[in-house]
Amino acid sequence: MKNIDSHSHVRGESVFLDDIPIVQGTLFACVFDSPVAHGKLKSIDTSEAEKSDGVFRVITAEDIVGENQIGGIIPDEPLLADGEVHFAGMPIAIVLAESEELARKAAKKITVEIEELDPVLDPRVAVANGDLIVPPKKFILGDAQTAFNNCEHVFEGRTETNGQEHLYIETQGAYAVPMENGAIKVYSSTQGPTAVQRAVCRVTGLPMHQVEVDVQRLGGGFGGKEDQANAWAAICAVGTQLTKRPVKYALHRMEDMRMTGKRHPYSSDYKIGFDKDLKIVAYEATFYQNAGASCDLSPPVLERTLFHCTNSYFVPNVTATAYCCRTNLPPNTAFRGFGGPQGMFVIESAIAHAAEKLGVPAAEIQRKNLIDDGDEFPYGQIAESDAITSWTQADSKYDFAALQKEADDFNASSKYFKKGVAMMPVCFGISFTKTPMNQARSLVHVYTDGSVAVSTAAVEMGQGVNTKIAQVTAKVFGLPIEKVRVNTTNTSRIANTSPTAASAAADLNGKATEMACQAIIDRLIEVAMPLIEAGTAEDVTFEEGFVHLRGERTSLDWQTLVMDAHLQRVNLSEHAHYATPGINFDWGTAKGHPFAYHVYGTAIVGVAVDCLRGRYEVDYVKCCHDFGSSMNTAVDYGQIEGGIVQGIGWMTMEEVFYDKTGKLRSNALSTYKVPDIYSAPKEIAIQPLETTRENLAVFNSKAVGEPPLMYGIGAYFAIRNAMKAFTACSPGFDAPFTPEKVLMHLYQPEEASR
Ligand code: MTE
Ligand code: LUZ
Ligand code: MOS
């Protein structure tokens with residue numbers, strides 16, 4: 001089945017925030033943001049802006065009616081700067097004008113007096129200064145200290161991974177509209193409608209029932225709108241509260257890139273110890289997370305780094321420590337993988353380091369250490385592992401040895417072009433690591449004409465969740481998909497939602513939808529039984545729009561039955577609640593069973609490096625991936641392909657660059673390179689993992705949103721292997737591997753490592 005949005009997308013008819021028809025009297029907002037990364041805000045002069053054409057009002061921190069605060073986990077994030085600025089791009093004032101252009105023109109006329117302070121940009125410096133956002137977090141399994149003493153080989157090193165710009169095609173934005181009695185309706189491009197509702201309530205002082213948040217769809221989120229859509233909605237709502245007029249703000253690309261946080265850069269130390277058979281006996285890792293100027297989602301991101309610090313491997317002795325470091329960058333935030341990729345890169349680097357020193361292929365070490373059934377993760381959950389199965393199936397389908405030989409043969413006869421291959425296993429836990437977030441609700445209405453409308457907490461952001469929700473509904477009711485409409489995500493219909501994140505939206509909201517539909521079906525069976533003379537409820541099923549009796553179609557169709565039920569005053573609506581069973585985590589002991597299940601997979605990545613120019617191409621990514629039994633292969637293959645390309649971008653060409661003053665230099669698409677069609681792998685092959693394991697996924701169709709991104713990590717190591725075929729180099733582990741960096745490592749390694 002196609003994605004239900006395909007038709008309206010290709011015709012340009014799908015509605016995004018900026019397509020919502022404008023209400024009369026709408027004002028347009030533009031933010032004036034801090035030109036410097038750190039300083040004391042001495043004064044703000046808005047007088048010229050206020051006199052500017054079409055300006056209705058300028059708002060600063062002191063005008064805010066409620067609390068000037070949007071920090072969700074820790075109250076450390078003012079909506080508008082008050083007394084100090086903490087990052088270049090921090091909002092200081094809001095201009096409201098009759099048009100977008102006039103608002104932007106006026107914002108340029110605001111001036112500020114700032115006494116500059118030295119910005120801290122390096123997370124290790126923040127630790128030295130004692131500037132942590134939360135206390136350090138630690139996972140311990142066994143006794144790594146003692147185990148290192150008994151190791152045959154021990155290797156230590158340092159890695160860096162850089163940030164990543166989300167580059168959703170639709171920029172951040174919101175539209176607030178005044179309703180009667182002081183209520184506000186907010187349209188927002190957010191993954192978290194309830195998070196937006198809370199932020200709006202906080203800054204306006206309104207109770208939650210006075211604020212309705214509505215989301216039609218997003219032109220991409222990728223984690224960037226899990227928390228960071230809040231500010232723009234709060235800005236519009238503050239404007240509406242103060243002016244009684246609708247206020248809209250859709251950010252320009254450069255405003256978005258400058259003012260919003262990105263994937264967290266990490267600097268990390270590792271120490272890895274092996275026995276004589278190359279089994280990993282001990283692993284120690286220390287992660288320095290560059291959180292930016294305020295907390296945002298940094299602590300849970302940091303936690304997921306710890307959860308995934310051993311990736312798909314079993315290590316009996318682990319000590320992993322993580323620091324959440326405050327710096328003067330924009331607050332960094334959720335990004336597909338949510339800290340997991342950063343953790344996995346470090347152990348993959350440690351293994352590559354060991355392989356190089358020991359003169360064995362990395363794949364041999366990787367294969368030997370894959371986690372098996374019954375092994376314990378550092379956080380106490382016992383593995384039901386498909387790590388070995390996915391490795392074996394990838395290898396038997398694509399033949400790693402043959403691909404390696406093909407590269408070796410090519411390299412033997414090619415002077416300047418060199419090929420490299422790497423294996424990349426992935427293990428990703430499914431569930432929000434914060435157990436209470438694993439809940440969702442679904443509201444299903446069957447109308448008297450037999451058509452159905454569903455509302456859930458899930459936000460459609462291109463990942464196809466609405467298609468899956470519609471499929472669940474159609475499947476339980478035995479109806480064609482055209483009978484089902486998925487409504488906007490709205491806090492008045494579905495309250496207290498978790499954000500659409502953690503790859504769990506289809507699972508959580510799909511399960512709730514299945515439950516709601518089943519409750520309605522149970523009532524409809526009662527109505528149908530006398531009509532078709534059924535003896536027991538089990539004999540009645542619903543397929544193809546008809547009631548079936550013991551598998552045979554009857555003459556009773558869905559629409560007639562629904563109308564009959566309505567006339568008998570049977571409830572045709574249901575609101576169901578689903579909470580993932582069996583999960584828990586205790587931060588006191590740092591042990592528990594946080595994940596409903598894990599998603600496993602293994603990819604083989606092949607690249608070709610042009611060793612004269614430092615350029616490279618990804619020839620192929622061939623993976624065996626576990627998506628259970630896919631509900632929608634078109635959607636799921638799209639998710640895998642998109643995730644892989646996004647992961648490769650992070651590892652290779654995407655370079656977030658802040659200068660020494662903390663200003664973003666890669667602040668537009670001319671200076672920030674994301675993968676295009678030419679840099680996507682020439683081939684992506686996907687082999688569904690064959691497994692019969694039971695799981696908690698909806699209709700056994702496993703979460704697919706985030707795990708494939710981490711196959712992209714393989715590109716880093718494949719490039720590194722190709723470079724080693726050209727010259728005896730030993731590049732460090734400092735992602736992204738931009739063409740410049742590749743070239744420097746081939747010819748001036750000391751310069752490159754600086
Ligand atoms: N796919 C598209 N097209 N656009 C997106 O913004 N976000 C990713 C992933 N795939 C995203 C996407 C992220 S970060 C997550 S957590 C999941 O989708 C969320 O959706 P799901 O829970 O329905 O998988
Ligand atoms: N968001 C979140 C996430 O709040 N908690 C999580 O565990 C998570 N995991 C992945 C992506 N987003
Ligand atoms: Mo995704 S990082 O969980 O929004």
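Quick caveat: nothing in here was measured; it's all calculated off a predicted structure. Ligands are counted one by one from 1 in listed order, and the atoms in each one are counted from 1 as well. Residue indices begin at 1 and follow the sequence shown.
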Q. Which atoms from ligand 1 have a heavy atom of Glu706 less than 4.0 Å away?
A. 16 (S)
Q.
Starting from atom 8 (C) of ligand 2, what is the nearest protein heavy atom, named by residue and atom, and what distance separates them?
A. Phe338 CD2, 3.3 Å
Q: Using a strict 4.0 Å cut-off to heavy atoms of Glu706, name the atoms of ligand 2 that fall inside it.
A: 10 (C), 11 (C)
Q | Protein contact of atom 6 (O) of ligand 1 - nearest heavy atom, named by residue and atom, plus distance | A | Gly221 N, 2.7 Å
Q: Identify, by atom number and element, the atoms of ligand 1 in contact range of Gly220, meaning under 4.0 Å from any of its heavy atoms.
A: 6 (O)
Q. Does Gly223 have a heavy atom less than 4.0 Å from any atom of ligand 1?
A. yes
(Q) How far is atom 8 (C) of ligand 1 from the closest protein heavy atom, and which atom is that? (A) Arg336 NE, 3.8 Å
Q | For atom 22 (O) of ligand 1, closest protein heavy-atom neighbour | A | Ala505 N, 2.8 Å
Q. By number and element, which atoms of ligand 2 are closer than 4.0 Å to a non-hydrogen atom of Met437?
A. 4 (O)
Q | Residue selection (non-hydrogen contact nearest atom 12 (C) of ligand 1) among Lys468, Met461, Lys225, Gln639 | A | Gln639
Q) What atoms of ligand 3 come closer than 4.0 angstrom to any heavy atom of Glu706? A) 1 (Mo), 2 (S), 3 (O)
Q: Quick one: look up the protein heavy atom nearest atom 23 (O) of ligand 1 and list residue, atom name and how far away it is.
A: Gln463 NE2, 3.1 Å
Q: Go through Glu654 and Lys673 one step at a time and tell me if the salt bridge (charged side-chain N to carboxylate O under 4.0 Å, His left out) criterion holds.
A: CA-CA 5 Å; Glu654 295 185 38; Lys673 179 85 182 109; over 6 Å; no
Q) According to the interplanar angle, ranging from 0 to 90°, do the rings of Phe377 and His598 count as parallel (below 30°), tilted (30 to 60°) or perpendicular (above 60°)? A) parallel
Q) Of the listed options (Ala703, Ser503, Gly705), which comes nearest to atom 16 (S) of ligand 1 when hydrogens are ignored and any heavy atom counts? A) Ser503
**Q.** Region of Ala501 that comes within reach of ligand 3 [heavy atoms, distance under 4.0 Å]
**A.** both
Q) What residue and atom, counting heavy atoms only, is the protein's closest point to atom 5 (C) of ligand 1, and at what distance? A) Phe222 CE2, 3.2 Å
Q | Ligand-side contact atoms (ligand 1) for residue partner Ala502, heavy atom cut-off under 4.0 Å | A | 16 (S)
Q: Indicate, with yes or no, if the rings of Tyr716 and Phe345 have centres closer together than 6.0 Å.
A: yes
Q. What do we get for Ala334 next to ligand 1 when only non-hydrogen atoms under 4.0 Å count, side chain, backbone, both or neither?
A. neither
Q: Would you check if there is a donor-acceptor pair between the side chains of Gln228 and Asp296 at a distance under 3.5 Å?
A: yes
**Q.** All side chain to side chain donor-acceptor pair (under 3.5 Å) counterparts of Gln687, not counting sequence neighbours
**A.** none
Q. Hey, is Ala458 touching ligand 1 through its side chain, its backbone, both or neither, going by heavy atoms under 4.0 Å?
A. neither
Q. Are Thr333 and Lys262 linked by a side-chain donor-acceptor pair shorter than 3.5 Å?
A. no
Q) What atoms of ligand 1 come within less than 4.0 Å of a heavy atom belonging to Gly462? A) 2 (C), 3 (N)
Q.
So for ligand 3, is Gly223 a polar contact partner (N or O within less than 3.5 Å, distance only)?
A. yes
Q) Purely on distance, is any nitrogen or oxygen of Ala502 under 3.5 Å from one on ligand 3? A) yes
Q.
Only heavy atoms of Phe432, strictly under 4.0 Å: list the atoms of ligand 2 that pass.
A. 1 (N), 2 (C), 4 (O), 5 (N), 6 (C), 7 (O)
Q: Using a 4.0 Å heavy-atom threshold (strictly under), name the region of Arg336 that reaches ligand 3: side chain, backbone, both or neither.
A: backbone
Q: Identify the heavy atoms of Met631 and Lys468 that sit nearest to each other, and give their distance.
A: SD-O, 3.9 Å
Q. Is Lys434 touching ligand 2 with its side chain, its backbone, both, or neither, if touching means heavy atoms under 4.0 Å apart?
A. neither
Q. What residue and atom, counting heavy atoms only, is the protein's closest point to atom 4 (O) of ligand 3, and at what distance?
A. Gln191 NE2, 2.8 Å
